[in-house]
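Beneath this line is the structure, given in structure tokens, with notes to follow.
Each ligand, and each atom within it, is numbered from 1 in the order the structure gives. The structure presented is a predicted model; accordingly, all values stated were derived computationally and were not measured.
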Amino acid sequence: MRGTLLAIGFLAVATATKNPNCTDGLYMIVARGTGEPAAASKDGLYPENSGSPGYLAQLIAAQIKDSSIMGVEYAATLNDYVQSENDGANVMLQLANEYHSSCPGSKMALLGYSQGAQLVSDVLCGGAGGDFNHNAPLSPDVVKNSGQCLLFFRESAQADLDLVIAAVLFGDPTHIANTTYDRGTSVHNGIFSRTNNTVCKKYTDRMTSWCDKGDRFCDAGHVDAVHGLYLQRYNSTMVQYVVERWQNLTAFSATATVTSTSSRSSGGSTSTKTASPTNSESSRPSTGIASGLTLPGWPLVLLSCGIFFI
Ligand SMILES: *[C@@H]1O[C@H](CO)[C@@H](O)[C@H](O)[C@H]1NC(C)=O
Ligand SMILES: *[C@@H]1O[C@H](CO)[C@@H](O)[C@H](O)[C@H]1NC(C)=O
Ligand SMILES: *[C@@H]1O[C@H](CO)[C@@H](O)[C@H](O)[C@H]1NC(C)=O
Ligand SMILES: *[C@@H]1O[C@H](CO)[C@@H](O)[C@H](O)[C@H]1NC(C)=O
Ligand SMILES: *[C@@H]1O[C@H](CO)[C@@H](O)[C@H](O)[C@H]1NC(C)=O
């Protein structure tokens, strides 16, 4: 019975990962800011359609094996900002949904600067409304899959499968001051501050919105330079955030696997790339899952989700 389950599971995962468009690492969907060129940077700083957040994406990709970067193709213009923003948000939403359906269980991150940050917030939290996009937010199942796994394994109550593991916004004109996911020195709302952040607040564990005081757009301030200083000021912190999210969430699988296989001989078979040394087992909420099962806990949870997806 166990054997059969496992076999079905491995088959499911094998099938799910066969799509060459799916990456084992992090899939980053990146939206450039207003006026940033769509062409890749000649000096290799950022890839096509990605602008300055593409710079972050490349730094992240250097630390997370097999990652890939997908720039959002949109006008990123000020001429018809509302149209540009609406179109961009829809493209980004579609990219996330497509990746999720072609590559179930794969992890994504959303990065955006300025207008591109507004795209990210629309995708994650739903359109800001008013003149702007009224799009529904990314389905919660695409951000964080939990329910489906529970159907198979009640023990895995905490074994959520995080899909959109991180969002990094900087200079977002829809910024709301003093939220739990805010970063930087701003205490003012942006020029197009969203009125409803009910959905954003659900993603405080995976969303960071950087805004500094004086920024004309996210802080409704009066200091021109500030809007262009985020990379200089925070690039390593932003990169670190995403990499740490990845490590925390993938370290779980290493921990779970090691825990559950330790009763046999060694736990050396895991191919998980990143087991963060900063995470002690006791800090993982989920070790109990693995030890509660006699089979390798995490792979099974993953596989059961894999089965369900297909
Ligand atoms: C991979 O992506 C390309 C380009 O988007 C698409 O045409 C192709 O159908 C995809 N392949 C699979 C197997 O999904
Ligand atoms: C945010 O908090 C600061 C400090 O408490 C306060 O001065 C500021 O008015 C708040 N901003 C908004 C938009 O509520
Ligand atoms: C804010 O958005 C949430 C989620 O879409 C919705 O349930 C709620 O009614 C909205 N609140 C207001 C005041 O519009
Ligand atoms: C990124 O941050 C480092 C310092 O941590 C800095 O030297 C570098 O210039 C920054 N990159 C950009 C593009 O600002
Ligand atoms: C990673 O996990 C550690 C330990 O639980 C936690 O303190 C830290 O905030 C997490 N990092 C991120 C970026 O979520």
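The distance criterion of under 3.5 Å between nitrogen or oxygen atoms is not met by A177 with respect to ligand 2. In terms of N/O distances under 3.5 Å, ligand 2 is not approached by N189.
The contact set between ligand 5 and E244, taken as ligand atoms under 4.0 Å from a residue heavy atom, comprises 1 (C), 8 (C), 10 (C), 11 (N), 12 (C), 13 (C). Atoms of ligand 5 found under 4.0 Å from any heavy atom of N248, numbered from 1 in the order shown, are 1 (C), 2 (O), 3 (C), 8 (C), 10 (C), 11 (N), 12 (C), 14 (O). Residue Y241 approaches ligand 5 through these ligand atoms, each under 4.0 Å from one of its heavy atoms: 13 (C).
Both tests hold for R32 against Y74: distance to the six-membered ring centre under 6.0 Å, angle to the ring axis within 45°.
Considering only heavy atoms from C-beta on, D122 stays 4.5 Å or farther from L119 through its side chain.
Taking a heavy-atom cut-off of under 4.0 Å, ligand 1 is surrounded by N19, N21.
Shortest non-hydrogen contact noted between Y241 and A166 is CE2-CB, 4.1 Å.
Neither side chain, N21 nor S102, offers a donor N or O lying under 3.5 Å from an acceptor on the other.
Salt bridge K144/D205: present, at least one basic N to carboxylate O contact under 4.0 Å. Electrostatic pairing of R216 and D224 counts as a salt bridge here, judged by a charged N lying under 4.0 Å from a carboxylate O.
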request  = Check the pair S193 / H175 against side-chain hydrogen bond (donor to acceptor under 3.5 Å, both in side chains), numbers first and verdict last.
outcome  = CA-CA 5 Å; S193 182; H175 170 250; over 6 Å; no
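Ring-plane geometry between Y99 and Y27 is classed as parallel, the angle between the planes falling under 30 degrees on a 0 to 90 degree scale with a further cut at 60.
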